[in-house]
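The block underneath contains the structure these notes are about, expressed in structure tokens.
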Amino acid sequence: MTQTTEAAAHAAPEAPGPRPPWSRRMSPHRAWFVAAVAFVTIIGGAAFNSLPGLLINPLHEEFAWSRGEIGLAVSIDMALYGLTAPFAAALMDRFGMRRVVVAALSMVAAGALLSVWMTASWQLMLYWGLLVGLGTGSMAMAFSATVTNRWFVARRGLVTGVLTAAGASGQLVFLPLCAWIVENHGWRPASVTVALAALVVVPFVWLLLRDHPADVGLAPYGGKFVPKPEPRTGAAKRTVTVLFAAARTGPFWLLAGTFAICGASTNGLIRTHFVPSAHDHGMPITAAASLLAVIGIFDVVGTIASGWLTDRFEARRLLAVYYALRGVSLLFLPMLMAPTVHPPMIFFIVFYGLDWVATVPPTLALCREQYGDDSAIVFGWVLASHQVGAAVVAFAGGVARDVFGSYDVVWYAAGALCAAAALMSLVIRRKPAPVGEPTR
């Protein structure tokens with residue numbers, strides 16, 4: 001074969017290649033549009049997460065269910081949210097992101113609507129726990145990881161931060177609205193509002209989300225064109241196989257342990273029990289919910305900033321700082337509870353918001369560093385530990401309130417756990433970077 005023939009053979013790709021440079025200069029890369037759709041999708045799915053803390057008191061008063069029973073339903077939701085995530089990542093490899101996310105949004109809407117007619121606590125556990133848990137779990141952070149891994153090579157930390165902040169944005173949008181609806185019209189219209197929010201997102205996902213850059217003839221942002229891989233069969237088997245392989249390594253257990261504490265001190269504790277705890281001290285529900293919404297505002301800032309920092313600094317050290325500061329703030333919280341909102345409480349809310357899920361970008365970066373192509377599924381399992389931690393505290397917090405008449409012991413215990421997480425973060429060993437890749 002001559003050199004000319006050989007060059008021609010190499011010049012004929014089997015799949016469409018990236019668009020020419022002039023096309024890329026004329027408009028933003030398609031990856032940013034995909035990230036925007038993912039952002040809106042996560043907001044729609046996160047709407048339901050605004051409800052549990054608002055409905056503990058109304059459900060307790062209407063049905064005489066104990067706070068422990070209600071907390072158990074919330075804990076089922078949180079546990080399934082986490083346990084579904086790794087399987088959802090594998091299902092996205094098999095069926096595509098679009099189909100999986102549309103099905104997940106439909107399940108969230110169904111669970112929220114059916115809860116309007118419930119009369120027994122087992123129905124609460126079925127609708128809130130099972131349906132909504134499976135639905136939100138399929139749109140969990142593993143979805144963010146899949147979007148980031150497929151569509152971005154450059155700016156991965158930043159995009160991870162932005163998509164993680166989408167959950168906080170959903171809280172920011174829906175918490176004050178749902179609190180107002182609950183206080184003025186009851187909890188059922190609030191549940192319907194959440195269901196409609198999930199359904200509104202479905203057309204955007206179906207029409208605008210694309211599974212892989214190769215579907216539209218593009219390279220990932222900041223990378224080279226790669227053909228779309230064939231769908232991977234055996235999603236469940238692959239998910240479990242990846243878990244067993246990761247479980248044989250020390251970093252996996254350290255990441256899972258720290259992220260379990262992250263879930264315990266955020267979703268399980270503050271999101272579920274802050275509003276009823278503040279109400280115990282005489283604060284109106286709408287005021288307490290507004291404080292959680294402020295957490296959402298600063299969560300967006302903190303998470304995006306954390307993604308930016310993760311692109312530049314060592315992830316282990318960032319995690320240690322985040323957990324240490326969170327633990328200190330929780331130790332002071334019982335002293336800040338009061339009937340009215342005062343400056344020290346506002347300072348806590350701002351500080352906690354900045355730290356809320358700032359842990360996600362460095363945790364995902366460590367998963368990517370340690371586990372490569374399987375990092376999305378590994379992160380799904382790490383996220384499962386996050387939600388198990390959240391589920392335990394959502395239930396235990398309600399029981400503690402029933403037994404002790406106060407949440408103080410839960411705040412102090414969570415602060416101590418965060419201190420342990422800071423130490424665990426520093427123990428994670430670094431994996432040497434491949435030759436030619438920069439290290440931080």
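It should be emphasised that the depicted structure is a prediction, and the values quoted were computed from it without experimental measurement. The figures that follow rest on heavy atoms only: side chains count, while hydrogens, waters and symmetry mates do not.
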Notebook entry, point to check: Given Thr41 and Leu209, is the side chain to side chain contact (heavy atoms under 4.5 Å, CB included) satisfied, shown in steps?
Noted result: CA-CA 10 Å; Thr41 302; Leu209 187 66; 5.9 Å; no
Next item on the list: Starting at CD1 of Ile428, measure out to CZ of Arg316 and round the result to the nearest 0.5 Å.
Entry: 8.0 Å
Notebook entry, point to check: Quick check: does any side chain N or O of His29 sit under 3.5 Å from a backbone N or O of Ala219, one acting as donor and the other as acceptor?
Noted result: yes
Item checked: Contact check, side chains of Val153 and Lys224, non-hydrogen atoms, under 4.5 Å -> no
Check: With a 3.5 Å cut-off and no angle check, do the side chains of His273 and Tyr407 form a donor-acceptor pair?
Finding: yes
Next item on the list: Not counting sequence neighbours, which residues clear side-chain hydrogen bond (donor to acceptor under 3.5 Å, both in side chains) with Tyr352? List them please.
Entry: none
Notebook entry, point to check: Side chains of Thr249 and Tyr371: do they bring a donor and an acceptor to under 3.5 Å?
Noted result: yes
Item checked: Flag if over 12 foreign heavy atoms under 6.0 Å of CZ, Phe351 -> yes
Next item on the list: Please say whether more than 12 non-hydrogen atoms of neighbouring residues, nucleotides or ligands are located less than 6.0 Å from CZ in Arg99.
Entry: no
Next item on the list: Can you establish whether the number of heavy atoms outside Arg210 located under 6.0 Å from its atom CZ is more than 12?
Entry: yes
Checklist line | From OG (Ser265) to NE2 (His386), nearest 0.5 Å | finding: 7.5 Å
Notebook entry, point to check: Would you find a donor on one side and an acceptor on the other, under 3.5 Å apart, between the side chain of Thr272 and the backbone of Asn267?
Noted result: yes
Notebook entry, point to check: So does Phe347 have more than 12 non-hydrogen atoms from other groups sitting under 6.0 Å from CZ?
Noted result: no
Check: Does Ser306 reach the side chain of Val360, with side-chain heavy atoms less than 4.5 Å apart?
Finding: no
Next item on the list: Check the pair Val37 / Val147 against side chain to side chain contact (heavy atoms under 4.5 Å, CB included), numbers first and verdict last.
Entry: CA-CA 10 Å; Val37 173; Val147 170; over 6 Å; no
Item checked: Sidechain-backbone polar pair: Asp211 side chain, Arg98 backbone, donor-acceptor under 3.5 Å -> yes
Next item on the list: Starting from the C-alpha separation in whole Å, work towards a yes-or-no answer on side chain to side chain contact (heavy atoms under 4.5 Å, CB included) for Phe39 and Leu163.
Entry: CA-CA 5 Å; Phe39 186 90; Leu163 293 183; 4.2 Å; yes
Item checked: Validation row: Val101, Met92 side chains within 4.5 angstrom (heavy atoms) -> yes
Note to self: So does Val116 get a backbone contact from the side chain of Arg188, meaning a donor-acceptor N/O pair under 3.5 Å?
What the structure shows: yes
Note to self: I'd like to check Leu55 versus Val182 (side-chain heavy atoms, cut-off strictly below 4.5 Å). Are they in contact?
What the structure shows: yes
Check: Do Trp32 and Phe152 make the cut of ring centroids closer than 6.0 angstrom?
Finding: yes
Notebook entry, point to check: What is the distance from atom CG of Leu319 to atom OG1 of Thr363, rounded to the nearest 0.5 Å?
Noted result: 4.5 Å
Check: Would you find a donor on one side and an acceptor on the other, under 3.5 Å apart, between the side chain of Trp411 and the backbone of Leu269?
Finding: no
Next item on the list: Could you list the residues that satisfy salt bridge (Lys or Arg N to Asp or Glu O under 4.0 Å) with Arg317, not counting sequence neighbours?
Entry: Glu314
Check: To the nearest 0.5 Å, how far apart are CG in Leu131 and OG in Ser106?
Finding: 11.5 Å
Note to self: Surrounding CZ of Phe348 (heavy atoms of other residues, nucleotides or ligands, distance under 6.0 Å), is the total greater than 12?
What the structure shows: yes
Next item on the list: Hey, could you give me the OG1/CD1 distance between Thr136 and Ile42, rounded to the nearest 0.5 Å?
Entry: 12.0 Å
Check: Is Leu126 close to Leu114 at the side-chain level, that is, under 4.5 Å between some pair of heavy atoms?
Finding: no
Next item on the list: State, yes or no, whether a side-chain contact exists between Arg326 and Thr359 at a heavy-atom distance under 4.5 Å.
Entry: yes
Check: Does any non-hydrogen side-chain atom of Phe33 lie less than 4.5 Å from one of Leu208?
Finding: no
Only pairs under 3.5 Å count here: list side-chain donor-acceptor contacts from residues 250-261, not counting sequence neighbours, and write none if there are none.
{"residue": "Trp253", "atom": "NE1", "partner": "Ala247", "partner atom": "O", "Å": "2.7"}
{"residue": "Thr258", "atom": "OG1", "partner": "Leu254", "partner atom": "O", "Å": "3.0"}
{"residue": "Thr258", "atom": "OG1", "partner": "Leu255", "partner atom": "O", "Å": "3.0"}

Next item on the list: With rounding to the nearest 0.5 Å, note down the distance linking CE in Met125 to CG in Asp77.
Entry: 12.5 Å
Next item on the list: Go through Phe379 and Arg368 one step at a time and tell me if the side chain to side chain contact (heavy atoms under 4.5 Å, CB included) criterion holds.
Entry: CA-CA 8 Å; Phe379 182 71; Arg368 193 180 295 119; over 6 Å; no
Check: Has the side chain of Asp215 got a donor or acceptor atom that lies under 3.5 Å from a matching backbone atom of His212?
Finding: yes
